[in-house]
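Numbers restart at 1 for each chain; the letters A, B, ... are given by sequence-line order, proteins then strands. FYI, side chains are in, hydrogens and waters are out, and symmetry mates aren't considered; it's all heavy atoms of this structure.
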Protein chains: 2
Amino acid sequence: MNKLPPDPAPATRLDRSQRSGPTIRDVARAAGVSIGTVSKALNNAGTLKQETRERVAEAARALGFRPNDLAQALHRGQSFTVGLISNDSFGRFTMPILEGLESVLHDERIAVFMCNATDDPEREREHLEQLMGKRVDGLVFTARRADRRPSVGVNLGDLPTVFVFSQSDDPRSFCLLPDDEGGAYLGARHLVATGGRRIAHVTGPERFEAVRLRRDGYRRALAEAGLDWRDDFFLPGEWSEQWGRQAVDILFSSTAAAPDSILAGNDQIARGILDALRDRGLNVPGQVGVVGFDNWGVMVEAARPRLTSIDMNLSTLGQEAGRRILRMIGGEHFSGVERLPCTLMVRESCGAQAKTLFQEARST
Amino acid sequence: MNKLPPDPAPATRLDRSQRSGPTIRDVARAAGVSIGTVSKALNNAGTLKQETRERVAEAARALGFRPNDLAQALHRGQSFTVGLISNDSFGRFTMPILEGLESVLHDERIAVFMCNATDDPEREREHLEQLMGKRVDGLVFTARRADRRPSVGVNLGDLPTVFVFSQSDDPRSFCLLPDDEGGAYLGARHLVATGGRRIAHVTGPERFEAVRLRRDGYRRALAEAGLDWRDDFFLPGEWSEQWGRQAVDILFSSTAAAPDSILAGNDQIARGILDALRDRGLNVPGQVGVVGFDNWGVMVEAARPRLTSIDMNLSTLGQEAGRRILRMIGGEHFSGVERLPCTLMVRESCGAQAKTLFQEARST
DNA sequence: ATGAAAGCGCTAACAG
DNA sequence: CTGTTAGCGCTTTCAT
């Protein structure tokens, strides 16, 4: 029965005849109709007798026929795929975004190629070449932090592209970001509302745009509450627990005017702050209220007490990215930066008692 | 010149003529040769005059020609794509695996469709259908924890499939896992080597196979050191910091025979242990040595002191998965379970002083 | 050394 | 209502 393999061939090449299932031709034969009829029946197109549709459907099912998307793609000039280029090797930010993106695209039958560039421009270029070769219908860029990034030298033509949690230096491109300013405002306002008068802000490196925007939100909340900005209460540093602990040492070295509240630039910093306060015997939230940023499950839940934090709604961001790219594929154009609201998640480190009041607060 | 669009059509359909770049036909025209010649020239196939090759290459470059992989795939019956189905929505384990997998596959010009099933069988089935439609050349399954999983009812034919960090209940399938037993053995042996005599093991739920295997490795190290197994020193529970803290309360409630070393089932538990020991005023590693499992950067670095931990080498696991699937695509067959060694990463929570001796230790 | 032509599996326009 | 056919962009014999 089996003819012996006539050609050993390169091992990485498939023996096509083996793997690929029945074709539309086989279905046509089985149902006793023409190829065109099968196509119409299976796509609910054209005008066919109900009985024919059923006969074809039946034959297709019996054979286990599954249309070949590649052929379809070739014909339609649309591949039903988009590429996702990520520079967040750790996945902390990319995964929720991907989840949202994918859930939206999946409904339109389009699949996502995920590529990890890990900040290597050469690698990114290669990935882009590959994706272009695969004729993706769109492109999504993601990065670890929301800062500008130079476009690598690949001609994308007018391929629909969106930058999520990441920015392009090309003003014509479209960027989707969390509302950092509003998020920080929300956190600081919550600290005010729970009685804070001396509110410090311990955050990441000032070269991050997110750090500057969050600072602005913090400042706005202070102003609104009639509180003065104090240079010694704004501490940019690193995104680490280590820095959070160190910042507490700085803030509380002179007990004179130590803060009664701290807004952290991320949850890791917040956790460091909590640990250091604990070491000093200071009660949270009794003596000091603490609010984090990111609402990173593993951090906020493990913290003692559990951490109140700002959620950037990354999954929603991903969903919106999906919706936009679909519209762009449909011919619409977008450009500029759009920001989506953050949400305050209240837990015990600050204001859990005022839960009903603030839990739903959203920025913007 | 342009004829007006005769059909407004669904907005999500591409206007093909716009987007797709030059075809091989355009190159042929530009270079003044036939289509077949262009194909040969670009693929270094057949036998062509050197000058012709160059002329074609030049024309292709000038036009910015990029071969259409879809057409190629249709012809060859190989799509140069594989699907990755992940059930680890959090990404903690999937990302490193994906990174390794992708780096290997990328070199063979094959791209990865990433699909998130988040433990929803229906969703997984849909993804599989979609991937089959796209004629992926292979399939990789990943899960959050290395436990058996039922196969969803989709006929995969003889499509090359590998389960990484995850298992199938079909004995014919191929599974790639970390050597949990060996990893735990490594950790426990290290605790022995640094002077531990009363070594406890605080870990996750016993229904996880990984928990049982790690327990076995722990037991083997004890036996090898002539130490007795003690039921009260083996504490299965949850994968949380909370549980780590609680376990310390249990272990040290009677100061009588408290442990001098603790092997944790993961880094979160280990971190909880460290915090609780600290609360009790116990010095690590002076009074109690602690070893974690996972070597999760954000945990081990933030811990005080920094955490000695077992690395499962997930990226390597992903690479191996990539190599195997390539070989399977090439026609080879694999089945059964294979385990790759873990590595001990020594830090201050136990034995950093003995660094040179154990840092490179590998299981198996 | 190069060209011509037959598909890969499917869709859509046009006949019948 | 259904069949026929011309491609989609590329590879690969087989002629020339």
If you check the [X] side chain, which of [options] turns out closest?
X       : options               : result
B:Lys40 : C:dT2, D:dC10, C:dC10 : C:dT2
A:Leu74 : C:dT2, D:dC8, D:dT2   : D:dC8
B:Asn68 : D:dG3, C:dA12, D:dG9  : D:dG9
A:Ile35 : C:dC8, C:dT11, D:dT12 : C:dT11
A:Val33 : D:dG3, C:dC10, D:dC10 : D:dG3

Just N and O in the side chain of [X]: are any of them under 4.0 Å from OP1 or OP2 of [N]?
X       : N      : answer
A:Asn43 : C:dT11 : yes
B:Ser39 : D:dT11 : yes
A:Thr37 : D:dG3  : yes
B:Gln72 : D:dC10 : no
A:Ser34 : D:dT2  : no

Is the base of D:dG7 touched by the side chain of A:His75 through a donor-acceptor pair closer than 3.5 angstrom?
->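 Indeed, a donor on one side and an acceptor on the other fall under 3.5 Å apart.
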If the plane angle is over 60° it's perpendicular, under 30° parallel, otherwise tilted; pick one for B:Phe334 and B:Phe174.
->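 B:Phe334 and B:Phe174: tilted rings.
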For B:Thr52 and for B:Ala71, find the nucleotide of DNA chain C with the closest heavy atom, then tell me which residue's nucleotide is more 5'.
->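 Comparing both residues, the 5'-ward one is B:Thr52.
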Salt-bridged, B:Glu338 to B:Arg324, with N to O below 4.0 Å?
->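 Salt bridge flag = yes for B:Arg324 with B:Glu338.
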NA contact type, A:Thr23, heavy-atom cut-off 4.0 Å: base, sugar-phosphate, or nothing?
->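 Counting heavy atoms under 4.0 Å across all strands, the contact made by A:Thr23 is with sugar-phosphate only.
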What is the nucleic acid contact for B:Val38, judged by heavy atoms within less than 4.0 Å: base, sugar-phosphate only, or nothing?
->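 B:Val38: no heavy atom of the nucleic acid under 4.0 Å.
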Ignoring hydrogens and geometry, is there a side-chain-to-backbone donor-acceptor pair from A:Asp26 to A:Pro22 under 3.5 Å?
->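 Not a single qualifying donor-acceptor pair exists.
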Does B:Arg135 use its side chain to pair, donor to acceptor, with the backbone of B:Met132 at less than 3.5 Å?
->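 Yes, because the side chain of B:Arg135 sits within donor-acceptor range (under 3.5 Å) of the backbone of B:Met132.
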Side chains of [X] and [Y]: is there a donor and an acceptor less than 3.5 Å apart?
X        : Y        : value
B:Glu126 : B:Gln130 : no
B:Ser86  : B:Thr94  : yes
B:His127 : B:Glu122 : no

Given atom CZ of B:Arg55 and atom P of C:dA1, what is their separation to the nearest angstrom?
->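 Interatomic distance, CZ of B:Arg55 to P of C:dA1: 14 Å.
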Once you build an axis from the first five pairs and another from the last five of the helix from C:dA1-D:dT16 to C:dG16-D:dC1, how far apart in angle are they, to 10 degrees?
->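 Result, rounded to 10 degrees: 50°.
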